[in-house]
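What follows is one structure encoded as structure tokens, with my remarks underneath.
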Amino acid sequence: MMQGELNMTTLPRELDLLIVPRWIVPVVPHGQVLEDHALAVHQGRIVGMVPVASANALNPRERRDLPDHVLIPGLINAHGHAAMTLFRGLADDLPLMTWLTDHIWPAEGRWVNADFVRLGTDLAIAEMLRGGTTCFSDMYFFPDVAAAAAMDAGIRAQLCFPVIDNPIPGARNAEEAIAKGLRLRDDTRHNGLISVAFGPHAPYTVGDENLARIRTLADELDMPIHMHLHETAGEVDDAVAQTGLRPLRRLQQLGLLSPRLQAVHVTEINDDDLDLLVEHGVQLIHCPESNLKLASGMMPVQRLLDAGLNVALGTDGAASNNDLDMLGEMRTAAMLAKIVAGAPTALDAHSALHMATLAGARALGLEEETGSIEVGKAADLTAVNLSGLAQQPLYHPVSQLLYTCSASQVSDVWVAGRCKLRDGQLTEIDPQPILQQARSLAELIAKGDTHES
């Protein structure tokens with residue numbers, strides 16, 4: 001374990017919050033673990049990190065002592081479909097395209113409306129905050145409704161408005177989807193917790209004309225593009241049969257490859273694909289548990305990292321995971337990376353934590369704001385209790401965090417310095433009405449009855 005000091009800064013005479021954990025893992029510098037240090041927070045931002053002996057002289061409005069805990073940056077779920085929590089467990093143990101075409105897409109056509117999205121997003125946010133996630137990227141219908149849910153909960157979010165050539169819930173065509181998405185961008189541009197991105201679903205659901213239009217608008221407005229890409233071998237093979245091009249090469253010819261592109265899944269990679277990703281600095285988002293459950297394929301994470309690419313982590317939707325537990329996702333990612341690389345040294349504990357924090361912030365264009373514990377950044381923070389039976393004995397806190405912890409060990413969460421979880425209890429969300437409504441809706445879905453808003 002390394003002891004270290006961040007550059008000292010002049011602290012306000014009165015602080016909003018002083019957090020005193022056993023360990024702080026700032027993520028930057030890589031591999032650093034600070035013991036017996038305190039974190040000072042004021043007006044929603046990190047203003048200092050000092051030894052506990054010095055911290056005792058400070059005068060915070062609130063002091064939070066966490067003697068058995070590790071404090072890490074808030075976890076960033078870089079890809080998901082929040083409202084699909086309401087389809088959790090609906091159609092398990094099926095291949096991806098069967099799951100989509102025979103079950104999920106028909107269910108969405110029958111059940112999804114604005115009320116569905118609000119309830120499902122509320123449920124997802126409560127689950128994510130309970131599990132230490134302070135920022136999430138969402139690609140789902142009625143993104144304005146999801147944005148309202150995120151703003152009400154005070155969680156950081158990137159809303160990716162879906163674009164598909166066919167009609168979708170909330171938009172009759174791609175043109176309307178884009179128009180509504182850009183309106184959402186305008187409506188939320190002054191909200192410090194919300195950002196908006198284009199969300200073309202996948203190369204096989206969006207044609208060249210709409211992709212070219214998205215590229216032009218994204219270039220003009222400097223907006224991210226979030227897209228499922230190279231998710232399965234079948235997707236790539238079908239694309240080659242239909243267009244003569246692998247999807248990445250097609251997107252390159254359309255001008256979509258850039259650091260602005262957030263490519264999700266990317267399980268199928270050959271040498272030419274890797275060269276394209278590196279040449280254009282594409283952001284990659286790994287969803288290991290969903291890929292494993294759907295047998296979609298396995299991202300070669302260590303190979304991509306060795307090539308210098310940024311790889312973030314996401315859960316995907318709860319209909320294909322089936323939870324939104326980012327600590328569990330980290331563990332799966334680390335173990336899967338080792339077997340794919342054939343090396344137990346692949347994706348070590350600190351690198352996995354980096355993937356779930358700063359790499360996620362970088363992928364979403366938020367690295368100046370969040371993703372690490374650094375002076376000046378937003379106080380997006382998660383405390384994890386390492387005192388449990390499964391965490392003993394404790395030699396290395398980051399290894400224990402990665403290989404023994406799940407959402408249930410998360411005790412405290414702050415977003416922009418505001419407490420969202422304390423002692424494992426949500427502070428600003430009452431989960432009971434959400435649970436009751438979700439159960440009632442699930443009964444209707446299970447019976448096949450028509451949903452009435």
Side-chain angles (χ1 to χ4, degrees), residues 79-84 86-87 96-97 99-118 120-121 137-149 157-189 194-229 231 235 238-239 242-243 245 247 250-251 253-257 260-265 317 319 450-451 453:
H79 174 72
H81 313 285
M84 292 185 80
L86 296 177
F87 291 140
L96 173 63
M97 294 314 297
W99 178 78
L100 277 174
T101 59
D102 294 350
H103 298 273
I104 296 302
W105 286 343
E108 287 177 332
R110 181 169 188 181
W111 298 101
V112 172
N113 58 23
D115 291 339
F116 178 102
V117 170
R118 179 63 197 235
T121 305
S137 180
D138 185 45
M139 177 198 275
Y140 209 60
F141 311 117
F142 299 98
D144 55 327
V145 175
Q158 173 186 265
L159 283 306
C160 311
F161 55 88
V163 180
I164 299 176
D165 286 347
N166 297 322
I168 60 174
R172 292 166 293 182
N173 49 45
E175 183 177 359
E176 183 178 6
I178 291 171
K180 287 185 172 181
L182 295 180
R183 190 177 312 131
L184 175 63
R185 173 183 177 269
D186 291 341
D187 291 344
T188 59
R189 64 188 310 166
I194 302 296
S195 59
V196 176
F198 288 94
H201 171 260
Y204 57 87
T205 54
V206 188
D208 286 1
E209 182 178 352
N210 283 322
L211 287 176
R213 184 173 180 218
I214 288 170
R215 181 214 66 217
T216 299
L217 290 168
D219 288 346
E220 289 176 356
L221 300 171
D222 191 24
M223 286 177 63
I225 300 171
H226 189 96
M227 189 177 197
H228 302 96
L229 189 61
E231 187 170 357
E235 172 199 333
D238 289 347
Q242 294 168 13
T243 68
L245 298 171
R250 174 179 163 227
L251 294 187
Q253 293 187 359
L254 290 169
L256 267 76
L257 299 190
R260 188 181 293 118
L261 178 64
Q262 302 165 8
V264 183
H265 298 304
T450 301
H451 175 41
S453 302

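Excluded from the calculations below are hydrogen atoms, water molecules and symmetry mates; all remaining heavy atoms, backbone and side chain alike, are included. A quick note: this is a predicted structure, and the numbers were derived from the prediction, not measured.
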Take Asp208 and Arg250, measure what salt bridge (Lys or Arg N to Asp or Glu O under 4.0 Å) needs, and give me the verdict at the end.
-> CA-CA 9 Å; Asp208 286 1; Arg250 174 179 163 227; 2.8 Å; yes
Within 6.0 angstrom of Gln253 CD, more than 12 heavy atoms from elsewhere = yes
Does a sphere of radius 6.0 Å around CD in Glu176 hold more than 12 heavy atoms from other residues, nucleotides or ligands, not counting ones at 6.0 Å or beyond?
-> yes
Arg260 side chain to Met223 backbone, donor-acceptor under 3.5 Å = yes
Should [X] and [Y] count as side-chain neighbours, where that means a heavy-atom distance under 4.5 Å?
X	Y	answer
Pro162	His201	no
Phe161	Lys180	no
Leu229	Leu251	yes
Glu108	Phe87	yes
Asn210	Asp165	yes
Met97	Glu235	no
Met84	Ile104	yes
Leu221	Leu182	yes

Value for CZ (Arg118) from CG (Asp144), rounded to nearest 0.5 Å, stands at 11.0 Å
Could you tell me whether the side chains of Tyr204 and Glu231 share a donor-acceptor contact shorter than 3.5 Å?
-> no
Salt bridge flag under 4.0 Å for residues Arg189 and Asp186 | yes
Between His228 and His79, what is the ring plane arrangement, given parallel below 30°, perpendicular above 60°, and tilted in between?
-> perpendicular
